[in-house]
S.K.: 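The structure's right below; bear with me while I get my questions together.
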Amino acid sequence: MSTRAFITGVSGTELTAVEREFIRDQRPWGFILFKRNVATPAQVAALVAELRNAIGFADAPVLIDQEGGRVQRLGPPHWPVYPPGAVFSTLFDTDSALGLTAARLSARLIAADLADLGITVDCLPLADVPVAGADAVIGNRAYGTEPVKVAAIARAVTEGLEQGGVLPVLKHIPGHGRATADTHFKLPTVDTPRDELERTDFAAFKPLSDLPMAMTAHVVFSAVDPAHPATTSATMIADVIRGAIGFQGLLMSDDVSMNALSGNIAERTRAIFAAGCDMALHCNGNIEEMRAVAGQTPQLSGRALERANAALGARKAPQPLDREAARAELDALIARANTASA
């Protein structure tokens, strides 16, 4: 089935007639949900089915950011609260095996929640390595400040998602931890030397280069490309993401509508593809912006199509799960982490 190389959000809890026509005509590869799209489990499941019906593709990927902590689109009263990444980091420092177990369990339970709704992709794990003085946009979402630990916990999270039949998206490649601004509002520049980036930020992503999908960082790394953020930098994508890190999966941009990117929406979209991203991501559900993105997005073909098909093909059948027992075990591990950090 022919699709175009973008992922789109929608405006509300059900499709409008205009959105349904847009999806049918422009044929995005996938969809992404946010809190504005969420009311009840039955409503979300119906919206997911409606999205797939609109495009006529039963396996169309539906994404969500369900990390735990403050980035959790599904929450009470219908879905549990999950811990932020820092909890796994604290527990890892007490007992590395328990830290990895907690990370895997949390992701496995999240995957079960998503599978109930027909959501097949979670924008998780993070491999960002925060430093002192950086913007708090990453903060306690991170799995620690040491690349080896961050990569290990990210791998455990990946395993939990995969065990639940949900595909992971590695973010924010090649690293958002040093950013001194929230890229929703402003473009940050990181002036750290290349050799230090290789030892820290990039090093956390390298062991995860086999993941099926990754999302770029809207961050300038002046040691590599002083003029463009990674998302729109051909040098960053070829030399660092595909080169030094070795990531060969499907590469999607972070949200096109974030103010870290310059130019209008159409110009941003063109720059994303010119730099070498496989897929543009647009999140806010604004139909005029959605049309602008679609107007600059190519048909999914060639190497990008191969990567997209490989990503979807990497999805595994869910393994059995005793949710009650798994939740009880996770709660006990969280309590232990809270005691350790007190």
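Counting from 1, the numbers follow the sequence of the chain as shown.
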S.K.: Could you list all the ring pair (Phe, Tyr, Trp, His ring centres under 6.0 Å) pairs where at least one residue sits in residues 138-177, not counting sequence neighbours?
M.R.: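 For residues 138-177: His172-His176.
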
S.K.: So, for Ile237 and Leu251, which heavy atoms are closest and what is the spacing to 0.1 Å?
M.R.: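 Nearest heavy atoms, Ile237 then Leu251: CG2-CD2, 3.9 Å.
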
S.K.: Could you walk me through whether Asn286 and Ser257 satisfy the side chain to side chain contact (heavy atoms under 4.5 Å, CB included) test, starting with their C-alpha distance in whole Å, then the side-chain angles of each, then the deciding distance to 0.1 Å, before giving a yes or no?
M.R.: CA-CA 10 Å; Asn286 179 305; Ser257 64; over 6 Å; no

S.K.: Side chains of Arg108 and Gln163: is there a donor and an acceptor less than 3.5 Å apart?
M.R.: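 Side chains of Arg108 and Gln163: no pair found under 3.5 Å.
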
S.K.: Taking the side chain as everything from C-beta on, heavy atoms only, tell me whether Phe273 gets closer than 4.5 Å to Thr269.
M.R.: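 A side-chain contact under 4.5 Å exists here.
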
S.K.: Have Asn37 and Arg73 got a donor and an acceptor in their side chains that come within less than 3.5 Å?
M.R.: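 Looking only at side-chain atoms, Arg73 and Asn37 do not form any donor-acceptor pair under 3.5 Å.
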
S.K.: For residues Lys149 and Gly144, report the shortest heavy-atom separation together with the two atoms involved.
M.R.: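 Residues Lys149 and Gly144, closest heavy atoms: CE-CA, 3.9 Å.
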
S.K.: If you look at every heavy atom in Leu211 and Phe247, which pair is closest and at what distance?
M.R.: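 Of all heavy-atom pairs spanning Leu211 and Phe247, the closest is O-CE1, 3.1 Å.
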
S.K.: So, Arg36 side chain and Val10 main chain: donor-acceptor pair closer than 3.5 Å or not?
M.R.: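 Between the backbone of Val10 and the side chain of Arg36 there is a qualifying donor-acceptor contact (under 3.5 Å).
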
S.K.: Run the ring-ring contact (aromatic ring centres under 6.0 Å, His included) test against His282 and tell me which residues pass, sequence neighbours left out.
M.R.: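 Per chain and number, His282 pairs via ring-ring contact (aromatic ring centres under 6.0 Å, His included) with no residue.
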
S.K.: Quick one: CD on Glu50 to CD1 on Ile23, what's the gap to the nearest 0.5 Å?
M.R.: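 Between atom CD of Glu50 and atom CD1 of Ile23 there are 8.0 Å.
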
S.K.: Treating Ile, Leu, Val, Met, Phe, Trp and Tyr as nodes and any side-chain heavy-atom pair under 4.5 angstrom as an edge, say whether Met258 and Val293 lie in one connected cluster.
M.R.: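 Looking at the clustering, Val293 is in a separate group from Met258.
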
S.K.: Set out, in order, the CA-CA distance, both residues' side-chain angles and the distance that settles salt bridge (Lys or Arg N to Asp or Glu O under 4.0 Å) for Asp116 and Arg323, then state yes or no.
M.R.: CA-CA 13 Å; Asp116 287 345; Arg323 289 199 200 191; 2.8 Å; yes

S.K.: So, taking the atom named OG1 in Thr8 and the one named CZ in Phe22, what distance separates them when rounded to the nearest 0.5 Å?
M.R.: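 Those atoms lie 5.0 Å apart.
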
S.K.: Could you walk me through whether Glu198 and Arg194 pass salt bridge (Lys or Arg N to Asp or Glu O under 4.0 Å), step by step?
M.R.: CA-CA 6 Å; Glu198 296 274 6; Arg194 171 77 181 254; 2.7 Å; yes

S.K.: After noting the C-alpha distance and the side-chain angles of Leu250 and Trp29, does the key distance pass the side chain to side chain contact (heavy atoms under 4.5 Å, CB included) rule?
M.R.: CA-CA 12 Å; Leu250 182 75; Trp29 181 72; 3.7 Å; yes

S.K.: Other residues, nucleotides and ligands only: do more than 12 of their heavy atoms fall within 6.0 Å of CD on Glu196?
M.R.: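 Yes, CD of Glu196 has more than 12 neighbouring heavy atoms, counting only those of other groups under 6.0 Å.
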
S.K.: Would you call His228 and Met236 a side-chain contact if the rule is heavy atoms closer than 4.5 Å?
M.R.: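 Result no, sub-4.5 Å side-chain heavy-atom pair not found.
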
S.K.: Is any side-chain heavy atom of Pro188 closer than 4.5 Å to one of Val220?
M.R.: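 No. Closest side-chain heavy atoms not under 4.5 Å.
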
S.K.: Give a yes or no answer on whether the side chain of Thr232 reaches the backbone of Ile272 with a donor-acceptor pair at less than 3.5 Å.
M.R.: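 No, because the side chain of Thr232 does not come within donor-acceptor range (under 3.5 Å) of the backbone of Ile272.
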
S.K.: Consider only side-chain N and O atoms of Glu289 and Asn284, and report whether a donor and an acceptor are under 3.5 Å apart.
M.R.: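 On atom types as modelled, these side chains qualify, holding a pair under 3.5 Å.
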
S.K.: For Val256, which of Thr231, Thr297, Ile265, Ile7 qualifies under side chain to side chain contact (heavy atoms under 4.5 Å, CB included)?
M.R.: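 Testing Val256 for a side chain to side chain contact (heavy atoms under 4.5 Å, CB included) against Thr231, Thr297, Ile265, Ile7 leaves exactly one candidate, Ile265.
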
S.K.: Identify whether Met290 and Phe57 are in the same connected component of the hydrophobic contact network (ILVMFWY, side-chain heavy atoms under 4.5 Å).
M.R.: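 Yes, it is one cluster - the side chains of Met290 and Phe57 are joined through contacts under 4.5 Å.
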
S.K.: Please determine whether the number of non-hydrogen atoms from other residues, nucleotides or ligands lying under 6.0 Å from atom NE2 of His184 exceeds 12.
M.R.: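 No, because the 6.0 Å sphere around NE2 of His184 holds 12 heavy atoms or fewer from other groups.
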
S.K.: Any donor and acceptor pair, going by atom type alone, linking the side chain of Asn140 with main-chain N or O of Pro84 inside 3.5 Å?
M.R.: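 Side chain of Asn140 to backbone of Pro84, a donor-acceptor pair under 3.5 Å: no, none is there.
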
S.K.: Apply the salt bridge (Lys or Arg N to Asp or Glu O under 4.0 Å) test between Asp278 and each candidate in Arg303, Arg307, Arg4; give the one that qualifies.
M.R.: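 For Asp278, the salt bridge (Lys or Arg N to Asp or Glu O under 4.0 Å) test succeeds with only one of Arg303, Arg307, Arg4, which is Arg307.
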
S.K.: Please check if the side chain of Arg52 supplies one atom and the backbone of Ala60 the other of a donor-acceptor pair under 3.5 Å.
M.R.: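 A pair under 3.5 Å: yes.
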
S.K.: Compare all side-chain heavy atoms of Leu33 with those of Leu117 and state whether any distance is below 4.5 angstrom.
M.R.: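 Of all side-chain heavy-atom pairs linking Leu117 with Leu33, none is under 4.5 Å.
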
S.K.: Can you see whether Arg268 engages Ser253 through a side-chain donor-acceptor pair at a distance of less than 3.5 angstrom?
M.R.: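 Checked: Arg268/Ser253 side chains show no N/O donor-acceptor pair below 3.5 Å.
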
S.K.: Under a 3.5 Å distance rule, please check whether Arg178 uses its side chain to pair with a backbone N or O of Leu197 as donor and acceptor.
M.R.: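 No; zero donor-acceptor contacts below 3.5 Å.
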
S.K.: Looking at every non-hydrogen atom in both residues, tell me the closest pair between Leu300 and Ala308 and how far apart they are.
M.R.: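 In terms of heavy atoms, the two residues are closest at CD2-CB, 3.7 Å.
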
S.K.: Quick one, Ile32 and Asp65 - any side-chain contact, counting heavy atoms below 4.5 Å?
M.R.: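 Side chain of Ile32 against side chain of Asp65, heavy atoms only: contact under 4.5 Å found.
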
S.K.: Locate the shortest heavy-atom distance separating Val190 from Ala179; write the atom from each residue and the value.
M.R.: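 Scanning both residues, the minimum pair turns out to be CG2-N, 4.2 Å.
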
S.K.: Okay, side chain of Arg27, backbone of Ser2: is any donor-acceptor separation there less than 3.5 Å?
M.R.: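 Answer holds: yes.
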
S.K.: If we only count heavy atoms from C-beta on, is the Phe221 to Val240 side-chain gap below 4.5 Å?
M.R.: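 SC-SC contact between Phe221 and Val240 ruled out.
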
S.K.: Are Leu208 and Ile153 linked, directly or through intermediate hydrophobic residues, by side-chain heavy-atom contacts shorter than 4.5 Å (ILVMFWY only)?
M.R.: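 Ile153 and Leu208: separate clusters.
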
S.K.: Of all the heavy-atom pairs spanning Ala217 and Gly175, show the shortest one and how long it is.
M.R.: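 Here Ala217 and Gly175 meet closest at CB-O, 3.8 Å.
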
S.K.: If you apply the rule side chain to side chain contact (heavy atoms under 4.5 Å, CB included), what do you find for Leu51 with Leu15, and how did you get there?
M.R.: CA-CA 8 Å; Leu51 290 166; Leu15 289 183; 3.7 Å; yes

S.K.: Output yes when a side-chain donor or acceptor of Arg327 lies under 3.5 Å from a complementary backbone atom of Pro80, and no otherwise.
M.R.: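 The answer is no, because no donor-acceptor pair under 3.5 Å joins these two groups.
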
S.K.: Can Val87 be reached from Ile138 by stepping across I, L, V, M, F, W or Y side chains whose heavy atoms are under 4.5 Å apart?
M.R.: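 Looking at the clustering, Val87 is in the same group as Ile138.
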
S.K.: Which distance, rounded to the nearest 0.5 Å, do you find between the OG of Ser106 and the CG of Leu333?
M.R.: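 Between Ser106 OG and Leu333 CG, I get 10.5 Å after rounding to 0.5 Å.
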
S.K.: Where the side chain of Gln43 meets the backbone of Thr13, is there a donor-acceptor pair that is under 3.5 Å apart?
M.R.: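 Judged by distance alone, yes, a pair lies under 3.5 Å.
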
S.K.: Taking the side chain as every heavy atom from C-beta outward, state whether Phe6 and Leu281 have any atom pair closer than 4.5 Å.
M.R.: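 Heavy-atom side-chain distance check fails, nothing below 4.5 Å.
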
S.K.: Does some side-chain heavy atom of Leu261 sit less than 4.5 Å from a side-chain heavy atom of Pro229?
M.R.: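 A side-chain contact under 4.5 Å exists here.
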
S.K.: Can you measure from SG (Cys283) to CG (Leu63) and round to the nearest 0.5 angstrom?
M.R.: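 Cys283 atom SG to Leu63 atom CG measures 9.0 Å (nearest 0.5 Å).
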
S.K.: Do any N or O atoms from the side chain of Asp239 and from the backbone of Thr235 form a donor-acceptor pair under 3.5 angstrom?
M.R.: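 Not at all, since once roles are kept as given, no pair shorter than 3.5 Å links the two residues.
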
S.K.: Is it possible for you to check whether Arg242 lies under 6.0 Å from the centre of the six-membered ring of Phe205, through NZ or CZ, and within 45° of that ring's axis?
M.R.: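 Verdict for Phe205: no cation-pi partner in Arg242.
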
S.K.: How far apart are the C-alpha atoms of Thr101 and Leu91, what are their side-chain angles, what is the distance that settles it, and do they pass the side chain to side chain contact (heavy atoms under 4.5 Å, CB included) test?
M.R.: CA-CA 10 Å; Thr101 296; Leu91 192 56; over 6 Å; no

S.K.: About how many Å separate CD1 of Ile110 and CH2 of Trp79, when rounded to the nearest 0.5 Å?
M.R.: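 Rounded to the nearest 0.5 Å, the CH2-CD1 separation comes out at 13.5 Å.
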
S.K.: Any chain of hydrophobic side-chain contacts (each under 4.5 Å) joining Val131 to Val219?
M.R.: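 Each belongs to a different hydrophobic cluster.
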
S.K.: Which value, rounded to the nearest 0.5 Å, describes the distance between Asn53 atom CG and Arg24 atom CZ?
M.R.: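 Going from CG on Asn53 over to CZ on Arg24, the span is 13.0 Å.
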
S.K.: Do any N or O atoms from the side chain of Arg155 and from the backbone of Pro207 form a donor-acceptor pair under 3.5 angstrom?
M.R.: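 Confirmed, Arg155 side chain pairs with Pro207 backbone.
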
